[in-house]
Amino acid sequence: MELTLLARQPFIFHHAVRSHGWYQLAPFEYDEQAGVLHYVLRLGSGKVRELRLNAAPGGVKLETGGKLTRAEVAELEQKVTWMLGLEMDFTDFYAAARGEPKLAHVTEKAYGRVLRSPTLFEDVLKTILTTNTLWAATKRMNLNLIEAYGEPEPASGKKAFPTPAAIAAGSPEALRETVRVGYRAPSIYELAERVASGEMPLEALKTSHLPTLELRKELLKIKGVGPYAAANLLMILGRSDFIPVDSWALKIVSHEWHGGEPVTPAQVEAHFEKWGNFKGLAFWFWDWSYQG
DNA sequence: GGTAGACCTGGACGC
DNA sequence: GCGTCCAGGTCTACC
(Lines give C-alpha, C1' and ligand atoms only; values in the text may rest on other atoms or scores of the structure.)
Protein backbone atom coordinates (compact mmCIF):
# COMPACT_ATOMS: atom_id res chain seq x y z
CA MET A 1 0.00 0.00 0.00
CA GLU A 2 1.27 3.46 -0.89
CA LEU A 3 -0.24 6.91 -0.41
CA THR A 4 0.80 10.55 -0.24
CA LEU A 5 -0.20 12.87 2.58
CA LEU A 6 -0.08 16.61 2.00
CA ALA A 7 1.47 18.95 4.57
CA ARG A 8 0.70 22.55 5.36
CA GLN A 9 3.55 24.54 3.81
CA PRO A 10 6.34 25.20 4.40
CA PHE A 11 7.30 21.61 5.18
CA ILE A 12 10.67 19.88 4.85
CA PHE A 13 10.50 16.18 5.72
CA HIS A 14 14.15 15.84 6.77
CA HIS A 15 13.92 18.81 9.17
CA ALA A 16 10.69 17.58 10.70
CA VAL A 17 12.29 14.17 11.33
CA ARG A 18 15.54 15.59 12.69
CA SER A 19 13.79 18.16 14.94
CA HIS A 20 15.02 16.27 18.04
CA GLY A 21 16.49 12.93 19.08
CA TRP A 22 13.26 10.92 18.79
CA TYR A 23 14.20 9.63 15.32
CA GLN A 24 17.03 7.69 17.01
CA LEU A 25 14.66 5.92 19.39
CA ALA A 26 13.11 2.61 18.32
CA PRO A 27 10.74 1.76 16.82
CA PHE A 28 11.83 4.77 14.74
CA GLU A 29 14.78 4.16 12.48
CA TYR A 30 16.03 6.81 10.08
CA ASP A 31 18.02 5.94 6.97
CA GLU A 32 19.54 9.35 6.42
CA GLN A 33 21.17 8.48 3.08
CA ALA A 34 17.93 7.24 1.57
CA GLY A 35 15.86 9.82 3.46
CA VAL A 36 13.49 7.12 4.71
CA LEU A 37 12.00 7.09 8.19
CA HIS A 38 10.91 3.63 9.35
CA TYR A 39 8.43 3.11 12.17
CA VAL A 40 6.84 -0.10 13.45
CA LEU A 41 3.22 0.68 14.28
CA ARG A 42 0.62 -1.36 16.11
CA LEU A 43 -2.80 -0.50 14.72
CA GLY A 44 -5.93 -0.42 16.86
CA SER A 45 -6.99 -3.70 15.23
CA GLY A 46 -3.85 -5.34 16.64
CA LYS A 47 -2.07 -5.64 13.28
CA VAL A 48 1.60 -4.62 13.38
CA ARG A 49 3.08 -2.98 10.28
CA GLU A 50 6.39 -1.38 9.40
CA LEU A 51 5.82 2.06 7.85
CA ARG A 52 8.26 3.65 5.42
CA LEU A 53 7.98 7.43 5.17
CA ASN A 54 9.85 9.75 2.88
CA ALA A 55 9.57 13.16 1.26
CA ALA A 56 7.06 13.63 -1.56
CA PRO A 57 6.06 16.79 -3.47
CA GLY A 58 3.91 18.76 -1.01
CA GLY A 59 4.23 16.31 1.84
CA VAL A 60 5.05 12.71 2.69
CA LYS A 61 4.92 9.37 0.90
CA LEU A 62 3.79 6.51 3.11
CA GLU A 63 4.37 2.86 2.22
CA THR A 64 3.58 -0.31 4.10
CA GLY A 65 3.08 -3.98 3.31
CA GLY A 66 0.13 -6.34 3.72
CA LYS A 67 -3.59 -5.81 3.28
CA LEU A 68 -5.35 -3.17 5.31
CA THR A 69 -9.02 -2.30 5.66
CA ARG A 70 -10.34 1.15 4.83
CA ALA A 71 -10.59 1.93 8.57
CA GLU A 72 -6.98 0.87 9.12
CA VAL A 73 -5.79 3.10 6.27
CA ALA A 74 -7.72 6.01 7.79
CA GLU A 75 -6.05 5.29 11.14
CA LEU A 76 -2.64 5.22 9.45
CA GLU A 77 -3.28 8.60 7.81
CA GLN A 78 -4.40 10.12 11.08
CA LYS A 79 -1.39 8.75 13.00
CA VAL A 80 1.22 9.85 10.45
CA THR A 81 -0.40 13.29 10.25
CA TRP A 82 -0.01 13.59 14.03
CA MET A 83 3.54 12.19 14.12
CA LEU A 84 4.87 14.68 11.59
CA GLY A 85 2.54 17.55 12.52
CA LEU A 86 1.47 17.82 8.89
CA GLU A 87 -1.42 20.18 9.71
CA MET A 88 0.54 22.48 12.01
CA ASP A 89 0.79 26.16 11.20
CA PHE A 90 3.84 28.19 12.28
CA THR A 91 3.01 31.44 10.47
CA ASP A 92 2.88 33.45 13.72
CA PHE A 93 6.19 32.03 14.96
CA TYR A 94 7.88 32.87 11.65
CA ALA A 95 6.49 36.42 11.81
CA ALA A 96 7.76 36.83 15.40
CA ALA A 97 11.18 35.40 14.46
CA ARG A 98 11.63 37.90 11.61
CA GLY A 99 14.35 40.36 12.57
CA GLU A 100 16.11 38.00 15.01
CA PRO A 101 19.38 36.89 13.35
CA LYS A 102 19.57 33.77 15.57
CA LEU A 103 16.21 32.63 14.18
CA ALA A 104 16.71 33.90 10.63
CA HIS A 105 16.81 30.33 9.32
CA VAL A 106 13.51 29.05 10.74
CA THR A 107 11.18 29.91 7.82
CA GLU A 108 13.58 28.75 5.13
CA LYS A 109 14.14 25.45 6.97
CA ALA A 110 10.48 25.09 7.91
CA TYR A 111 11.42 24.61 11.57
CA GLY A 112 8.75 24.31 14.22
CA ARG A 113 7.49 20.74 13.93
CA VAL A 114 8.67 18.28 16.57
CA LEU A 115 8.66 14.59 15.66
CA ARG A 116 6.27 12.67 17.90
CA SER A 117 5.13 9.14 18.53
CA PRO A 118 1.63 8.02 17.54
CA THR A 119 0.54 7.94 21.18
CA LEU A 120 1.20 10.34 24.02
CA PHE A 121 1.77 7.28 26.21
CA GLU A 122 4.84 6.42 24.13
CA ASP A 123 6.11 9.99 24.27
CA VAL A 124 5.63 10.22 28.05
CA LEU A 125 7.51 6.95 28.59
CA LYS A 126 10.31 7.97 26.27
CA THR A 127 10.57 11.34 28.01
CA ILE A 128 10.81 9.62 31.42
CA LEU A 129 13.58 7.46 29.94
CA THR A 130 15.53 10.61 29.02
CA THR A 131 15.56 11.89 32.61
CA ASN A 132 18.58 11.59 34.86
CA THR A 133 20.58 9.51 32.43
CA LEU A 134 22.77 9.70 29.35
CA TRP A 135 21.38 9.44 25.81
CA ALA A 136 23.01 6.05 25.20
CA ALA A 137 21.22 4.67 28.27
CA THR A 138 17.90 6.17 27.11
CA LYS A 139 18.27 4.36 23.78
CA ARG A 140 19.14 1.10 25.50
CA MET A 141 16.27 1.21 28.04
CA ASN A 142 13.82 2.03 25.22
CA LEU A 143 15.13 -0.89 23.15
CA ASN A 144 14.89 -3.23 26.13
CA LEU A 145 11.31 -2.11 26.75
CA ILE A 146 10.32 -2.85 23.15
CA GLU A 147 12.15 -6.16 23.17
CA ALA A 148 10.45 -7.25 26.40
CA TYR A 149 6.89 -6.10 25.73
CA GLY A 150 6.51 -5.10 22.05
CA GLU A 151 4.55 -7.11 19.49
CA PRO A 152 6.41 -8.19 16.34
CA GLU A 153 5.47 -7.54 12.75
CA PRO A 154 4.98 -11.00 11.25
CA ALA A 155 7.12 -10.39 8.13
CA SER A 156 10.22 -8.75 9.61
CA GLY A 157 9.99 -9.64 13.30
CA LYS A 158 10.60 -5.97 14.13
CA LYS A 159 8.66 -4.96 17.21
CA ALA A 160 6.21 -2.13 17.86
CA PHE A 161 6.29 0.04 20.98
CA PRO A 162 4.45 -1.80 23.79
CA THR A 163 0.88 -0.96 24.68
CA PRO A 164 0.04 0.18 28.24
CA ALA A 165 -1.72 -3.18 28.77
CA ALA A 166 1.37 -5.16 27.76
CA ILE A 167 3.55 -3.32 30.27
CA ALA A 168 0.85 -3.47 32.96
CA ALA A 169 0.71 -7.25 32.49
CA GLY A 170 4.34 -7.38 33.64
CA SER A 171 5.70 -6.06 36.92
CA PRO A 172 7.88 -3.26 38.33
CA GLU A 173 10.47 -5.91 39.22
CA ALA A 174 10.71 -7.07 35.60
CA LEU A 175 11.04 -3.46 34.44
CA ARG A 176 13.91 -3.01 36.83
CA GLU A 177 15.68 -6.30 36.23
CA THR A 178 15.04 -6.97 32.53
CA VAL A 179 14.48 -3.53 31.05
CA ARG A 180 17.08 -1.99 33.39
CA VAL A 181 15.12 1.22 33.99
CA GLY A 182 16.30 1.35 37.62
CA TYR A 183 14.37 3.58 40.03
CA ARG A 184 12.02 4.61 37.16
CA ALA A 185 10.33 1.19 37.30
CA PRO A 186 7.48 2.09 39.72
CA SER A 187 6.64 5.28 37.77
CA ILE A 188 6.57 3.48 34.42
CA TYR A 189 4.53 0.59 35.78
CA GLU A 190 2.03 2.87 37.51
CA LEU A 191 1.57 4.94 34.34
CA ALA A 192 0.99 1.81 32.22
CA GLU A 193 -1.54 0.47 34.74
CA ARG A 194 -3.47 3.72 35.01
CA VAL A 195 -3.62 4.23 31.25
CA ALA A 196 -4.50 0.59 30.56
CA SER A 197 -7.33 0.64 33.12
CA GLY A 198 -8.74 3.87 31.70
CA GLU A 199 -8.14 5.72 34.97
CA MET A 200 -5.80 8.13 33.18
CA PRO A 201 -7.15 9.27 29.77
CA LEU A 202 -3.70 10.34 28.62
CA GLU A 203 -4.45 10.42 24.89
CA ALA A 204 -7.19 13.01 25.46
CA LEU A 205 -4.46 15.53 26.29
CA LYS A 206 -3.42 15.49 22.60
CA THR A 207 -6.58 17.38 21.67
CA SER A 208 -7.12 19.20 24.97
CA HIS A 209 -8.14 22.86 24.91
CA LEU A 210 -6.89 23.42 28.46
CA PRO A 211 -4.73 26.53 28.92
CA THR A 212 -1.04 25.58 28.84
CA LEU A 213 -0.60 26.15 32.58
CA GLU A 214 -3.43 23.72 33.35
CA LEU A 215 -2.09 21.19 30.85
CA ARG A 216 1.32 21.45 32.51
CA LYS A 217 -0.29 20.75 35.89
CA GLU A 218 -1.87 17.59 34.44
CA LEU A 219 1.50 16.41 33.10
CA LEU A 220 3.23 17.15 36.41
CA LYS A 221 0.74 14.80 38.13
CA ILE A 222 2.44 11.88 36.33
CA LYS A 223 5.07 10.25 38.54
CA GLY A 224 8.52 10.75 37.04
CA VAL A 225 7.48 13.89 35.17
CA GLY A 226 9.04 17.06 36.56
CA PRO A 227 9.59 20.55 35.09
CA TYR A 228 11.96 19.40 32.33
CA ALA A 229 9.82 16.45 31.22
CA ALA A 230 6.61 18.50 31.35
CA ALA A 231 8.13 21.23 29.15
CA ASN A 232 9.37 18.61 26.70
CA LEU A 233 5.92 17.03 26.52
CA LEU A 234 4.27 20.43 26.10
CA MET A 235 6.53 21.03 23.08
CA ILE A 236 5.43 17.69 21.69
CA LEU A 237 1.81 18.74 22.25
CA GLY A 238 2.44 21.92 20.28
CA ARG A 239 2.62 24.26 23.31
CA SER A 240 5.86 26.20 23.49
CA ASP A 241 5.35 28.44 26.51
CA PHE A 242 8.01 26.59 28.55
CA ILE A 243 11.63 25.61 27.93
CA PRO A 244 12.78 22.04 28.64
CA VAL A 245 15.74 23.01 30.78
CA ASP A 246 18.16 20.11 31.13
CA SER A 247 21.92 20.07 31.69
CA TRP A 248 22.51 20.70 27.97
CA ALA A 249 20.27 23.77 28.01
CA LEU A 250 22.22 25.14 30.96
CA LYS A 251 25.46 24.56 29.09
CA ILE A 252 24.51 26.21 25.78
CA VAL A 253 22.91 29.23 27.48
CA SER A 254 25.95 29.58 29.71
CA HIS A 255 28.22 29.69 26.65
CA GLU A 256 25.86 31.92 24.65
CA TRP A 257 25.53 34.72 27.19
CA HIS A 258 27.59 34.06 30.33
CA GLY A 259 31.09 33.23 29.12
CA GLY A 260 30.75 29.60 30.21
CA GLU A 261 29.87 30.50 33.83
CA PRO A 262 27.16 28.35 35.52
CA VAL A 263 23.55 29.52 35.02
CA THR A 264 20.25 28.62 36.68
CA PRO A 265 17.04 27.40 34.98
CA ALA A 266 15.49 30.78 35.85
CA GLN A 267 18.21 32.54 33.85
CA VAL A 268 17.54 30.27 30.86
CA GLU A 269 13.84 31.17 31.01
CA ALA A 270 14.68 34.87 31.43
CA HIS A 271 16.72 34.98 28.21
CA PHE A 272 13.67 33.82 26.23
CA GLU A 273 10.96 35.66 28.18
CA LYS A 274 10.23 38.09 25.35
CA TRP A 275 9.21 35.23 23.04
CA GLY A 276 6.08 34.57 25.13
CA ASN A 277 4.10 31.65 23.66
CA PHE A 278 6.99 30.90 21.31
CA LYS A 279 9.57 30.62 24.09
CA GLY A 280 10.13 26.89 23.63
CA LEU A 281 10.31 27.15 19.83
CA ALA A 282 12.76 30.06 19.98
CA PHE A 283 14.96 28.08 22.37
CA TRP A 284 14.67 24.82 20.43
CA PHE A 285 15.55 26.30 17.03
CA TRP A 286 18.00 29.01 18.21
CA ASP A 287 21.23 29.12 16.22
CA TRP A 288 23.50 28.35 19.19
CA SER A 289 27.16 29.41 19.11
CA TYR A 290 28.17 26.48 21.34
CA GLN A 291 27.90 23.16 19.58
CA GLY A 292 29.65 21.01 22.20
C1' DG B 1 9.66 28.75 47.96
C1' DG B 2 14.32 27.01 48.25
C1' DT B 3 17.73 23.33 49.15
C1' DA B 4 20.02 18.86 50.17
C1' DG B 5 20.33 14.17 49.49
C1' DA B 6 18.77 9.80 47.63
C1' DC B 7 17.49 7.36 43.66
C1' DC B 8 19.98 3.93 39.53
C1' DT B 9 22.73 2.72 35.50
C1' DG B 10 26.69 2.29 32.85
C1' DG B 11 30.85 4.43 31.05
C1' DA B 12 35.45 6.19 32.21
C1' DC B 13 39.30 5.81 34.81
C1' DG B 14 42.95 4.17 38.01
C1' DC B 15 45.07 0.41 40.07
C1' DG C 1 39.12 -7.67 36.73
C1' DC C 2 37.75 -4.81 40.39
C1' DG C 3 36.59 -0.57 42.81
C1' DT C 4 35.53 4.28 42.56
C1' DC C 5 33.76 8.34 40.52
C1' DC C 6 30.62 10.79 37.70
C1' DA C 7 26.52 12.47 34.80
C1' DG C 8 21.81 12.83 34.37
C1' DG C 9 16.12 15.03 36.45
C1' DT C 10 12.75 13.93 39.96
C1' DC C 11 11.08 13.27 44.49
C1' DT C 12 10.86 13.85 49.37
C1' DA C 13 11.96 15.82 53.65
C1' DC C 14 13.18 19.67 55.84
C1' DC C 15 13.81 24.60 56.77
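Each chain gets a letter, A, B and so on, in the order the sequences are listed, and its residues count up from 1. Atom set for the values below is all heavy atoms of this structure, side chains included, hydrogens, waters and symmetry mates excluded.
- On the nucleic acid side, DNA chain B contacts chain A at distances under 4.0 Å to non-hydrogen atoms, with the end points of that region at dC7(B) to dG11(B).
- Screening residues 173-227 of chain A for ring-ring contact (aromatic ring centres under 6.0 Å, His included), with sequence neighbours left out, gives no hits.
- Every pair passing salt bridge (Lys or Arg N to Asp or Glu O under 4.0 Å) that includes a residue from residues 233-257 of chain A is listed here, sequence neighbours excluded: Lys102(A)-Glu256(A).
- At a threshold of 4.0 angstrom between heavy atoms, the contacts of Leu129(A) with the nucleic acid are absent.
- A search for salt bridge (Lys or Arg N to Asp or Glu O under 4.0 Å) contacts involving Arg52(A) returns nothing, not counting sequence neighbours.
- Every pair passing ring-ring contact (aromatic ring centres under 6.0 Å, His included) that includes a residue from residues 225-249 of chain A is listed here, sequence neighbours excluded: Trp248(A)-Tyr290(A).
- For residues 95-125 of chain A, the pairs satisfying ring-ring contact (aromatic ring centres under 6.0 Å, His included) are His15(A)-Tyr111(A), His105(A)-Tyr111(A), Tyr111(A)-Phe285(A), with sequence neighbours left out.
- Bending across the helix from dG1(B)-dC15(C) to dC15(B)-dG1(C), expressed as the angle between its end axes from five pairs apiece, amounts to 30° (10° rounding).
- Residue pairs meeting the ring-ring contact (aromatic ring centres under 6.0 Å, His included) criterion with at least one member in residues 47-95 of chain A, sequence neighbours excluded: Phe93(A)-Phe278(A).
- Thr133(A) meets the side chain to side chain contact (heavy atoms under 4.5 Å, CB included) test with Ala137(A), Thr138(A), Met141(A), Arg184(A); sequence neighbours excluded.
- Scanning DNA chain C 5' to 3' for nucleotides with an atom closer than 4.0 angstrom to a non-hydrogen atom of chain A gives a first and last hit of dG8(C) to dC11(C).
- Using a 4.0 Å cut-off on heavy atoms, the residues of residues 228-244 of chain A that approach DNA chain C are Tyr228(A), Ala229(A), listed by number.
- Against DNA chain B, the stretch residues 172-182 of chain A makes heavy-atom approaches under 4.0 Å through Arg176(A), Arg180(A), Gly182(A).
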